[in-house]
Amino acid sequence: MVHLPTRFDGRRKSAEYEAVVRAGPHLRRLQQAHAHLVVTGCHRSRALITKLLTLSCAAGSISYTRRLYRSLAHPDSFLFNSLIKASSKFGFSIDAIVFYRRMLLSRVTPSSYTFTSVIKACADLSLLRVGTLVHSHVLISGYSSDSFVQAALVTFYAKSCAPRVARKVFDEMPQRGVVAWNSMISGYEQNGLANEALAVFRRMVESRVEPDSTTFVSVLSACSQLGSLELGCWLHECIVGSGIHVNAVLATSLVNMFSRCGDVARARAVFDSINDGNVVSWTAMISGYGMHGYGVEAMEVFHRMKDRGVVPNSVTFVAVLSACAHAGLIDEGRLVFASMKQEYGVVPGVEHHVCMVDMFGRGGFLNEAYQFVKGLSSEELVPAVWTAMLGACKMHKNFDLGVEVAENLISAEPENPGHYVLLSNMYAFAGRMDRVESIRNVMIQRGLKKQVGFSTIDVDNISYLFSMADKSHPETNEIYHYLDELMGRCKDAGYAAVPELAMHELEEEEKEYALRYHSEKLAVAFGLMKTDHGVTLRIAKNLRICEDCHSAIKFMSVVTNREIIVRDKLRFHHFREGSCSCLDYW
DNA sequence: ATAGGGTTAG
């Protein structure tokens, strides 16, 4: 047989290529392969350099990638696309944008592939201005009707907190595949626009586009935001009925949805059906138990997770410590915090510190909470830690320390209305109504407003929203009348209004009225009126439940013999027979 | 010769 030189040459190059591929995404092995290419004289091969570039990016070494790039005289469009794609894919978003700029400066024409990658980089960095500029390049280059570029733009605008622009791009798409719908749904969901996300989902179904597991992951998140169990159960049925394979990601979304909608037993049932659970699924279950105050169950799952060889990470420890805090498991929490550092090498962050302060505070160890705070370095003493400390002071009615902490917090974050409200509450406790008044004036001067609280409840698949002293509901008179009558029965049973939040609302004349008609009370009254005896009420509130409402609902659960579940900003309260699952620490 | 796209969980 005759071996022609060209053929021989081709085979030799292929062997070099194989050597680079074999090195894989490992920096040292890639450098060895590179050195070998230099020795054999193949280092000028574009194909090999391109492969080396993407692999070094995958190996996490952007500096080596840059060196390879600089070694090239005239990079072509292939090389730029590979560079931009790889750097954006592996998290080097800024480099992706820098390479894109170099591409333009080198007068190399970008393609739709270039745009999808560079737009993703802008999305990951939420760079609205840069991304908008790239969008203009898209329009000039004539790629504005490319469906991949459009879907990338939808995601980009959504991640840059511009969901309305995202919607505009979405609406202008001539045809929308499942990914485009998913981009829009997740875009709304991530901006906290749960109802909008669900509306797009319904339109997607009407348009006869089959939702896939990604669709449901986003829709379930939207449902979790709303806290609507009825909606969640319907979605669960949709998933089962559609025959979609419930992978670990989707199952974890279901666990999260059921937990956040108040049905932790169903969350557990889904969790038990997961075969290929990873650290995220386990963490979701732990956090689900934690927010319901089931600390023992959370610890049990945590230990089983470790027995199965799943390694907990930083997020897992936040879930575990928070579960300990909400269940009063101080000793367990201490051990977990120590093992987190020693056994797992997880460096405690702000969230872990907040959990610890919270845990000591709730558990009645105010002094220990303060010692913990004082043991932190100055860089670790961020406002969130002080806020937790302030919450502990409030709980234990420690006026002096609380005022000191609150004043520091206000000087650190003068625009956060929550700090003023807490300080005001401290003064109200101490009977210093003059100080309460002056804080109120400062808030008015600085144009600060308390967040508006609202509560939702579902009755017969319809979600009803109540805000404080709300009168928009058509049956307002009946609801208020029922609530007054109910509060009368509670008083007979021993309820006394908790004067805590004398300053809960800024409008003086509405104080007492406001307290009597807080949104959660209205929602409970409405639910009691509209549902049969034996039906558990589920209410979701956007802020923390107030002390007076907490006390009132405990009495309501007795006098009406009902189970009432309230989700507030941080956790669940299960009211039954006059007591609450939070044991009055929240 | 070289790569190949947009969406998803705690």
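Only this structure's heavy atoms are used, side chains among them; waters, hydrogens and symmetry mates stay out. So that the names make sense, note that chain A is the first sequence line, chain B the second, and so on, each numbered from 1.
- Side-chain proximity of A:Ser82 to the nucleotides B:dA3, B:dA1, B:dG5 is greatest for B:dA3.
- Distance, A:Phe156 CZ to B:dT7 P: 13 Å, rounded to whole Å.
- Nucleic acid contact class of A:Ala248 (heavy atoms, under 4.0 Å, all strands): base.
- Against DNA chain B, the stretch residues 184-197 of chain A makes heavy-atom approaches under 4.0 Å through A:Ser186, A:Gln190.
- When the C1' atom of B:dT8 is taken as reference, atom CD1 of A:Ile244 falls 12 Å away, rounded to whole Å.
- Rounded to an integer number of Å, the gap from CZ of A:Arg268 to C1' of B:dG10 is 16 Å.
- A:Asn182 contributes no side-chain N or O that forms a donor-acceptor pair with the base of B:dG6 under 3.5 Å.
- The aromatic rings of A:His574 and A:Phe572 sit tilted, their planes meeting at an angle between 30° and 60°.
- Not one side-chain nitrogen or oxygen of A:Lys85 sits closer than 4.0 Å to the OP1 or OP2 atom of B:dT2.
- Residue A:Phe78 places its side chain closer to B:dA3 than to any other of B:dA3, B:dT8, B:dG10.
- Neither side chain, A:Tyr289 nor A:His326, offers a donor N or O lying under 3.5 Å from an acceptor on the other.
- With hydrogens and angles left out, the side chain of A:Thr155 and the base of B:dG6 share no donor-acceptor pair within 3.5 Å.
- When each of B:dG5, B:dG10, B:dA3 is scored by its nearest atom to the side-chain atoms of A:Thr283, the top-ranked nucleotide is B:dG10.
- In this structure, the ring of A:Tyr157 has its center less than 6.0 angstrom from the ring center of A:His135.
- Residue contacts shown for A:Thr215 are absent, as no nucleic acid heavy atom lies under 4.0 Å away.
- Aromatic rings from A:Tyr69 and A:Phe99 are positioned such that their centres are separated by under 6.0 Å.
- When distances run from any side-chain atom of A:Thr316 to the nucleotides B:dG10, B:dG5, B:dT7, the shortest one goes to B:dG10.
- In this structure, the side-chain contact (heavy atoms from CB on, under 4.5 Å) partners of A:Lys168, at least two apart in sequence or on a different chain, are A:Glu172.
- When heavy atoms are screened at a 4.0 angstrom cut-off, A:Val279 is found touching base atoms of the nucleic acid.
- The aromatic rings of A:Phe201 and A:Trp234 stand perpendicular to each other, their planes meeting at an angle above 60°, with 30° marking the opposite boundary.
- Comparing B:dA9, B:dT8, B:dG6 by their nearest atom to the side chain of A:Val280 picks out B:dA9.
- At the phosphate of B:dG6, neither OP1 nor OP2 sits under 4.0 Å from any side-chain N or O atom of A:Tyr143.
- The side chain of A:Val315 sits closest to B:dG10 out of B:dG10, B:dT8, B:dT7.
- Within 6.0 Å of CZ in A:Arg46 there are more than 12 heavy atoms belonging to other residues, nucleotides or ligands.
- Salt bridge A:Lys306/A:Glu300: absent, no basic N to carboxylate O contact under 4.0 Å.
- You'll find that the side chain of A:Lys159 is closest to B:dT8, out of B:dT8, B:dG10, B:dG5.
- Computed from coordinates, the A:Lys89 NZ to B:dG5 P distance equals 8 Å when rounded to whole Å.
- Regarding A:Leu72, its CG atom lies at a distance of 17 Å from the P atom of B:dT2, rounded to whole Å.
- The separation between A:Leu55 atom CG and B:dA3 atom C1' is 12 Å, rounded to whole Å.
- With hydrogens and angles ignored, a donor-acceptor pair closer than 3.5 Å exists between the side chain of A:Asn313 and the base of B:dG10.
- Here B:dT7 presents its P atom at 11 Å from CD1 of A:Ile119, a figure rounded to the nearest Å.
- Where stacking is scored as ring centres under 5.5 Å apart with planes under 30°, A:Phe148 registers as stacked on the base of B:dG5.
- The aromatic ring centroids of A:Phe148 and A:Phe115 lie 6.0 Å or more from each other.
- The side chain of A:Thr116 has B:dG5 as its nearest neighbour among B:dG5, B:dT8, B:dG10.
- Across all strands shown, A:Asp146 has heavy atoms under 4.0 Å from base atoms, whether or not it also approaches the sugar-phosphate.
- Contact annotation for A:Ser117: no contact, since no heavy-atom pair falls under 4.0 Å across all strands.
- In this structure, A:Asn81 does not reach the B:dA3 phosphate: none of its side-chain N or O atoms is under 4.0 Å from OP1 or OP2.
- Taking atom NE2 of residue A:His74 and atom P of nucleotide B:dT2, one finds them 23 Å apart after rounding to whole Å.
- Using a 4.0 Å cut-off, some side-chain N or O of A:Lys51 falls inside it from OP1 or OP2 of B:dA3.
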